[in-house]
Amino acid sequence: MANPPLKGIISYPVTPFDAVTGEVDLSALRNLTSDLVAAGSHAVAPLGSTGESAYLTEKEWDAVCETTLDTVAGQVPTLVGVSHWSTEGTVRRARVAARHGATAIMVLPQVYWKLTEDELVRHYSEVARATDLPMMLYNNPGTSGVDLRPETVVALARKIPNLTMVKESSGEVSRFRAIRELSDGELSVYNGSNPVALDAFRAGAAGWCTAAPCLVPQRVLELHAAVIGGHDDRADALLRELLPFLRFIVHHGLPRAVKAGLEIRNRPAGPPRPPLLPLPPNEAVRLREMLTRLLPGQLPPSVA
């Protein structure tokens, strides 16, 4: 599409939980969201897998949605993950996001049974009809168990007018160009695989959806500025510095790793919600070492 509603660095906040009660910590969520906006994020995207959306009650989900959008307050665009196991639940969440002023919604085929093509069409069509917001299809075979190939994605978009964006997290860079070519440039494509961020931008991705700005916002924004500005050597150097960290947080699971990193940065967001466990102490040491290299002089002293 000629002018996508989202572009650049689209930052994913975690959902903070109180370390004692386990309840959603809305005050910490406001602080984290404000930090992401103040750092220069081009958009904020709550309630994806990073935000542990699958582990929230509907009341909690609504509170996180409302709090995040109220905190952003239109300063930057917002992309709300509305995925639910059922079409009914996804439709309900889409309407809540629209009511609170979301710029766009994102839908992962979060299912137990693998959906047929007809079922995918019905699911996405009903969610699309629930609001007039632009919709992003989210392909993440690693978490959903469903891999939507470029041909399938484009076929769905042709049947659903407000399906205008695709977040591609398979890690296959060739898909960015394939989706754009098969859709005659009508679909905007976004990268959701941290390690291929630079290749994705060079293949035509409109944005990078990432939780990395929760910990190293300026490094991520510098990489984006370098590649957009055509400073290839600088972009390559920045990615080399970031790559061990990006691989680490993906490998260990974003809620675990990002929350451990926020604790290291003295911006606690509590533990992940069970069944997830906190990052093991030895891995937290490794993460501190990486953050020390990426943020020289910026970390508070270790209390260990």
Side-chain angles (χ1 to χ4, degrees), residues 6-16 28-29 31-46 48-52 68 72 75-76 79 169 171 190-201 205 207-229 231-270 272 278-279 283-302:
L6 304 163
K7 55 186 175 181
I9 301 302
I10 302 165
S11 298
Y12 280 106
V14 295
T15 297
L29 177 62
N31 292 336
L32 176 58
T33 303
S34 295
D35 286 346
L36 290 173
V37 174
S41 300
H42 301 119
V44 173
S49 54
T50 298
E52 299 179 73
T68 306
V72 173
Q75 298 172 82
V76 296
L79 171 69
S169 296
Y190 299 79
N191 173 45
S193 177
N194 282 330
V196 302
L198 197 49
D199 288 337
F201 276 124
W208 174 16
C209 303
T210 176
C214 290
L215 302 178
V216 290
Q218 293 310 316
R219 288 303 186 102
V220 174
L221 289 161
E222 286 171 14
L223 187 149
H224 174 257
V227 69
I228 294 302
H231 306 297
D232 290 344
D233 289 345
R234 174 63 175 157
D236 289 335
L238 283 165
L239 184 64
R240 281 196 298 271
E241 293 175 6
L242 280 167
L243 205 50
F245 162 78
L246 294 175
R247 287 174 172 157
F248 180 94
I249 63 174
V250 172
H251 174 73
H252 288 284
L254 293 169
R256 296 186 196 95
V258 172
K259 287 185 171 182
L262 287 168
E263 188 72 33
I264 290 167
R265 296 208 63 185
N266 198 27
R267 297 174 183 174
L279 192 70
E283 298 299 335
V285 170
R286 289 183 58 207
L287 179 57
R288 172 176 278 277
E289 292 170 352
M290 292 180 194
L291 292 175
T292 299
R293 288 193 293 271
L294 292 170
L295 303 167
Q298 297 182 44
L299 295 186
S302 173

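Positions are given from 1, in the same order as the sequence printed here.
- For the pair T50 and P13, the tightest heavy-atom approach, listed with the atom from each and the gap, is CG2-O, 4.1 Å.
- A salt bridge links E222 and R234; the closest N-O separation between the charged side-chain nitrogens and carboxylate oxygens is under 4.0 Å.
- Checked by atom type and distance alone, the side chain of R265 pairs as donor or acceptor with a backbone atom of L215 at under 3.5 Å.
- Separating the CG atom in L221 from the OG atom in S11 is a distance of 7.0 Å, to the nearest 0.5 Å.
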Where do R240 and L243 land on the side chain to side chain contact (heavy atoms under 4.5 Å, CB included) test, with the steps shown first?
CA-CA 5 Å; R240 281 196 298 271; L243 205 50; 6.0 Å; no
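- With rounding to the nearest 0.5 Å, the separation of CG in L223 from CG in L246 is 8.5 Å.
- Taking CD1 of I249 as the reference point, atom CG of L279 lies at 11.5 Å (rounded to 0.5 Å).
- When the side chain to side chain donor-acceptor pair (under 3.5 Å) test is applied to N191, no partner is found at least two apart in sequence or on another chain.
- Listed for the E241 side chain is no donor-acceptor partner under 3.5 Å among the backbone atoms of L238.
- The line from OG1 of T68 to CG of L29 is 4.0 Å long, rounded to the nearest 0.5 Å.
- A donor-acceptor pair is defined here as one N or O able to donate and one able to accept, closer than 3.5 Å; such a pair exists between the side chain of S41 and the backbone of L36.
- Note: F248 CZ to N194 CG = 13.5 Å, rounded to the nearest 0.5 Å.
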Under the criterion side chain to side chain contact (heavy atoms under 4.5 Å, CB included), I'd like the reasoning laid out for L239 against V227: C-alpha separation, chi angles, the key distance, then a yes or no.
CA-CA 10 Å; L239 184 64; V227 69; over 6 Å; no
Do F245 and R293 pass the side chain to side chain contact (heavy atoms under 4.5 Å, CB included) test, and can you show the C-alpha distance, the side-chain angles, and the key distance before you say yes or no?
CA-CA 10 Å; F245 162 78; R293 288 193 293 271; over 6 Å; no
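- Counting all heavy atoms, side chain and backbone alike, S49 lies closest to P255 at O-CG, 3.7 Å.
- Counting only heavy atoms from C-beta outward, the side chains of Y12 and V258 never approach each other to under 4.5 Å.
- Between E289 and R286 there is no salt bridge, since no side-chain N of the basic residue sits under 4.0 Å from a carboxylate O of the acidic one.
- Shortest non-hydrogen contact noted between G171 and V196 is O-CG1, 3.8 Å.
- In plain terms, the two heavy atoms of F201 and H224 that are nearest each other are CZ-CD2, 3.5 Å.
- Residues I264 and A284 approach most closely at CD1-O, 3.6 Å, considering heavy atoms.
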I would like to know whether V14 and L254 meet side chain to side chain contact (heavy atoms under 4.5 Å, CB included); could you show each step before the answer?
CA-CA 8 Å; V14 295; L254 293 169; over 6 Å; no
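- Checked by atom type and distance alone, the side chain of H42 never pairs as donor or acceptor with a backbone atom of I10 at under 3.5 Å.
- Side-chain atoms of K259 come within 3.5 Å of backbone N or O of T15 as a donor-acceptor pair.
- Under the 4.5 Å side-chain criterion, counting only non-hydrogen atoms from C-beta, R288 is in contact with L299.
- Contact between P217 and A39 at its shortest, heavy atoms only, is CB-CB, 3.6 Å.
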